[in-house]
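Report on the following structure.
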Number of protein chains: 2
Amino acid sequence: MLPSENKYLTNVSFDTVIFGFTGEELKILVLEYQNTGLFALPGGYIRRDENLLDAAKKGIMRRTGLKTIHLEQFHTFGKLNRSNPEPSKRIAKGLGYEMPDDHWVLDRFITVGYYSLINYNQVRPTPNKFSDSINWYSINNLPPLMMDHEEIVKKALEAIRTDLGKKPIGTNLLPEKFTMKELRKVYEAILDKKLRRTTFQRKILSMDILIRHEKLYTGAANKAPYLYSFNKEKIEKL
Amino acid sequence: MLPSENKYLTNVSFDTVIFGFTGEELKILVLEYQNTGLFALPGGYIRRDENLLDAAKKGIMRRTGLKTIHLEQFHTFGKLNRSNPEPSKRIAKGLGYEMPDDHWVLDRFITVGYYSLINYNQVRPTPNKFSDSINWYSINNLPPLMMDHEEIVKKALEAIRTDLGKKPIGTNLLPEKFTMKELRKVYEAILDKKLRRTTFQRKILSMDILIRHEKLYTGAANKAPYLYSFNKEKIEKL
DNA sequence: TTTTATTGTATCAATTTGATACAATAATGC
DNA sequence: GCATTATTGTATCAAATTGATACAATAAAA
């Protein structure tokens with residue numbers, strides 16, 4: 001096949017690590033291919049007529065049902081041994097057809113990694129025609145992932161940890177309004193360590209990126225916490 | 001041409017931003033193609049039988065004469081409009097041959113950006129067969145670069161600025177032994193701002209990554225500064 | 001020996017962070 | 001009602017870090 005006859009770019013793909021927060025722990029979306037026992041990150045190929053970033057966004061919007069999504073690129077993986085035609089062959093076989101050995105998807109791929117932090121509850125995980133299921137898995141209890149996808153997850157985790165200090169990444173992990181405790185839990189889940197309650201509160205308030213709203217009465221026998229939302233205008237200016 | 005007949009991966013390339021330090025300002029290596037007036041970053045393609053990183057290293061070692069090099073990946077550029085067959089055609093024409101319109105190097109490319117900080121004085125800039133010259137240009141006075149290479153430089157600068165806080169990046173910009181003033185000048189050039197002399201010294205010494213050596217007698221009529229080198233063992237452990 | 005420019009470090013103030021204390025308060029039980 | 005309980009919001013003081021300044025040490029020249 002001539003390159004120009006292919007709708008997609010060859011030798012390049014994208015893979016995404018989509019983080020969600022249950023209130024207690026971080027999870028990521030992992031899909032499982034039919035009849036293969038193979039687990040993988042959501043990913044895909046780039047059409048010749050679209051931007052790399054748009055290709056990745058489109059793919060993730062389809063997998064999650066979200067209408068908008070913010071993706072951050074964190075690393076591109078290009079080791080020689082990361083490509084392996086076996087999984088793709090097994091996936092094709094699992095779907096009931098044989099793939100010719102010179103098919104372009106069996107060639108070597110360099111993949112661009114993106115991460116996103118999204119609202120766990122707004123997502124409708126949607127399998128594609130190749131996959132059996134797509135589900136949330138705790139980052140501390142992932143199934144074995146195919147190829148180098150575990151390395152990709154590891155790099156994504158490192159990236160969100162270092163980015164957390166710079167940008168208020170947590171913006172999309174929580175509902176519109178949230179309590180200070182919930183926000184702290186997000187930070188604790190990402191950094192994987194406890195934070196001092198009072199210091200966290202002082203620090204985050206001094207950043208002046210939160211708007212305080214009404215109190216939240218949960219029925220608990222104690223002082224009700226305020227609800228907050230992110231001041232998106234101020235965050236833009238950072 | 002069938003993909004497998006091509007020695008190189010298609011649709012993927014790398015480009016590098018190689019920083020050097022003159023003692024006063026940051027420069028980068030820029031090459032100029034013969035008879036075209038086109039200026040570009042050093043870059044290249046990835047052979048099917050080599051790692052992405054190795055391909056980039058090999059390319060830069062050839063352009064600089066260095067035997068070893070450390071590259072940091074900072075971003076991958078995949079916009080649809082970044083690819084443009086005209087420069088490549090002009091480059092081919094400048095060399096005296098016509099390129100067929102369906103040649104793989106005229107196709108769309110997604111390029112992986114790497115930066116490196118190296119010792120200005122140890123480099124022998126070496127043009128390749130396509131380029132007229134390869135030279136150092138001050139980052140404040142670059143020639144107009146082709147395609148999106150100016151955006152690539154901008155991203156590389158952002159990357160070294162944020163990485164400077166995390167890793168002691170300056171390690172390779174200076175000779176083996178250097179004075180505290182020289183080290184501070186490096187930081188000032190990268191961050192593009194003056195740093196407080198005493199605070200810088202206290203902070204960098206407290207990091208415990210420097211080894212103090214003999215004094216440097218320059219003949220100047222004042223107290224001679226100590227020479228320092230990086231303690232590479234301790235830096236590894238960070 | 002004095003002078004000059006620069007280096008290395010000490011010192012004290014200002015700011016930020018860590019640790020603790022405590023008042024405010026929303027339900028509950030009596 | 002009124003004490004009880006758990007949690008929140010903030011104040012307070014100590015500890016650590018950073019900023020600003022001062023000053024002694026010193027290499028060479030006058």
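Each chain gets a letter, A, B and so on, in the order its sequence line appears, and its residues count up from 1.
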Q) Are the side chain of Gln122(B) and the backbone N or O of Asn119(B) linked by a donor-acceptor pair below 3.5 Å? A)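 Answer holds: no.
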
Q: For residues 205-236 of chain A, pull every pair meeting ring-ring contact (aromatic ring centres under 6.0 Å, His included), keeping only residues two or more places apart or in separate chains.
A: Phe178(A)-Phe230(A)

Q. What pairs of residues pass the ring-ring contact (aromatic ring centres under 6.0 Å, His included) test when at least one of them lies in residues 138-174 of chain B, not counting sequence neighbours?
A. none

Q.
Between the base of dG19(D) and the side chain of Arg202(B), is there a donor and acceptor pair under 3.5 angstrom?
A. yes

**Q.** Residues Ser138(A), Glu25(A); criterion side-chain hydrogen bond (donor to acceptor under 3.5 Å, both in side chains); working and verdict
**A.** CA-CA 7 Å; Ser138(A) 160; Glu25(A) 56 177 3; 3.3 Å; yes

Given atom [atom1] of [X] and atom [atom2] of [N], what is their separation to the nearest angstrom?
X         : N       : atom1 : atom2 : value
Phe200(A) : dT16(C) : CZ    : C1'   : 17 Å
Lys203(B) : dT15(C) : NZ    : C1'   : 14 Å
Leu216(B) : dT6(C)  : CG    : P     : 14 Å

**Q.** Proximity to DNA chain D (any heavy atom under 4.0 Å), residues of residues 178-194 of chain B only
**A.** none

Q.
Tell me which residues in residues 205-214 of chain A lie within less than 4.0 Å of DNA chain D, going by non-hydrogen atoms.
A. Leu205(A), Arg212(A)

Residues 53-60 of chain B, side-chain donor-acceptor partners within the protein, below 3.5 Å, at least two apart:
from, atom 1, to, atom 2, distance (Å)
Asp54(B), OD2, Asn51(B), ND2, 3.0
Lys58(B), NZ, Glu50(B), OE1, 2.9

Q: For a side-chain hydrogen bond (donor to acceptor under 3.5 Å, both in side chains) with Tyr115(B), tell me which candidate from Thr16(B), Asp15(B), Asp163(B) qualifies.
A: Asp163(B)

**Q.** Of Asn135(A), Val153(A), Leu145(A), the residue whose pairing with Val30(A) passes side chain to side chain contact (heavy atoms under 4.5 Å, CB included)
**A.**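 Considering Asn135(A), Val153(A), Leu145(A), a side chain to side chain contact (heavy atoms under 4.5 Å, CB included) with Val30(A) is found only for Leu145(A).
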
(Q) Under 4.0 Å between a side-chain nitrogen and a carboxylate oxygen: does that hold for Arg82(B) and Glu151(B)? (A) no

Q. Reckon Arg196(A) has a side-chain N or O less than 4.0 Å from the OP1 or OP2 of dA19(C)?
A.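 Yes, Arg196(A) has a side-chain N/O under 4.0 Å of OP1/OP2 on dA19(C).
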
**Q.** Under 4.0 Å protein heavy-atom contact, by nucleotide of nucleotides 22-30 of chain D - B base, S sugar-phosphate only
**A.** B--BBBB--

Q. Ile204(A) versus Met180(A): any side-chain heavy-atom pair under 4.5 Å?
A. yes

Q.
Check this for me: Lys232(B), atom NZ, are more than 12 non-hydrogen atoms of other residues, nucleotides or ligands nearer than 6.0 Å?
A.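 It does not: Lys232(B) NZ has 12 such atoms or fewer within range.
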
Q.
Is it the case that over 12 heavy atoms from other parts of the model lie below 6.0 angstrom from the CD atom of Glu24(B)?
A. no

